[in-house]
Amino acid sequence: MEATADQGLLGEVVFSADEIAAAVRRLADEIRRDYSGEPILLVGVLKGAILFASDLMRQLSDYPIAIDFIVVSSYGTGRRGAKGDVRLLKDLDTNPAGRNVLLVEDIVDEGLTLEYLLNNLQSREPRSLRACALMDKPFHRAAKVHVDYVGMTAPDAFLVGYGLDYQEAFRNLPYICKLSCPPNR
Ligand code: 5GP
């Protein structure tokens, strides 16, 4: 379906731009401290993590980082079929073998996407592998995943903005809000 940027679909703001920026700064500080100067391959999961990965990179401008992106299907656009059916739409350009890979996700909900990506990347023998999510929505976990860095705990609602979409709309909002009529998953 085509993107509709009907502002009437937007509900309550859950995280303001300032709250998001503070969470990103805190995560960057934790990452800088934990990796203590070791180079990182930051892998952003598109499309949802585009703004988060960009702002995190900017907060780590004094740190040795290489950037790559991976694209997977997500239920936000209705592409996910049966439970656990996560599909890789675009692979990394960089070989993660021997690198300190930091996977950067927008939000972890059921955890199936993260589980798939962690298994996929682990099989390619990185030096280390950690996950960083701007938001954790821990209410409907279907996979046991560990998220090393979590920015904020999200409410049990369908969210849009700051990279998150509803039918490809609203990714460009600088804040995160609820959708007034949540889609059926
Ligand atoms: P999981 O496999 O953890 O259920 O799904 C993670 C992916 O689903 C996220 O990367 C994101 O693309 C999508 N997702 C999860 N929760 C939401 C949400 O509240 N809003 C939107 N737009 N996408 C979500």
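Numbers here are sequence positions counted from 1. Being a predicted model, the structure only gives us computed values, none of them experimental. For ligands, and for the atoms within them, numbers begin at 1 and follow the listed sequence.
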Any heavy atom of [X] closer to ligand 1 than 4.0 angstrom?
X      : result
Ala157 : yes
Asp165 : yes
Asp106 : yes

Side chain of [X], backbone of [Y]: donor and acceptor closer than 3.5 Å?
X      : Y      : result
Tyr63  : Glu38  : yes
Asp148 : Ala131 : yes
Glu19  : Ser16  : yes
Lys137 : Ala157 : yes

* Indicate, as side chain, backbone, both or neither, the part of His140 found under 4.0 angstrom from ligand 1 when only non-hydrogen atoms are considered. =>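 For His140, there is no contact with ligand 1 at all, from either part.
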* Provide the closest heavy-atom pair for Val108 versus Ala133 in the form atom of the first, atom of the second, distance. =>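 Here Val108 and Ala133 meet closest at CG2-CB, 3.7 Å.
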Are any of the N or O atoms of [X] closer than 3.5 Å to those of ligand 1?
X      : result
Thr113 : yes
Leu159 : yes
Leu112 : yes
Gly111 : yes

Going by the order shown, which atoms of ligand 1 are within less than 4.0 Å of some heavy atom of [X]?
X      : result
Leu164 : 21 (C), 22 (N), 23 (N)
Glu105 : 10 (O)
Val108 : 3 (O)
Ile107 : 6 (C), 9 (C), 10 (O), 11 (C), 14 (N), 15 (C), 16 (N), 17 (C), 24 (C)

* Which residues satisfy the side chain to side chain contact (heavy atoms under 4.5 Å, CB included) test with Ala66, sequence neighbours excluded? ->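 So Ala66 forms a side chain to side chain contact (heavy atoms under 4.5 Å, CB included) with Leu41, Arg99.
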* Kindly write out the residues that satisfy side chain to side chain donor-acceptor pair (under 3.5 Å) with Asp68, not counting sequence neighbours, or none if the list is empty. =>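 Thr94.
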* **Over 12 foreign heavy atoms within 6.0 Å of CZ, Arg127** =>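 No, because the 6.0 Å sphere around CZ of Arg127 holds 12 heavy atoms or fewer from other groups.
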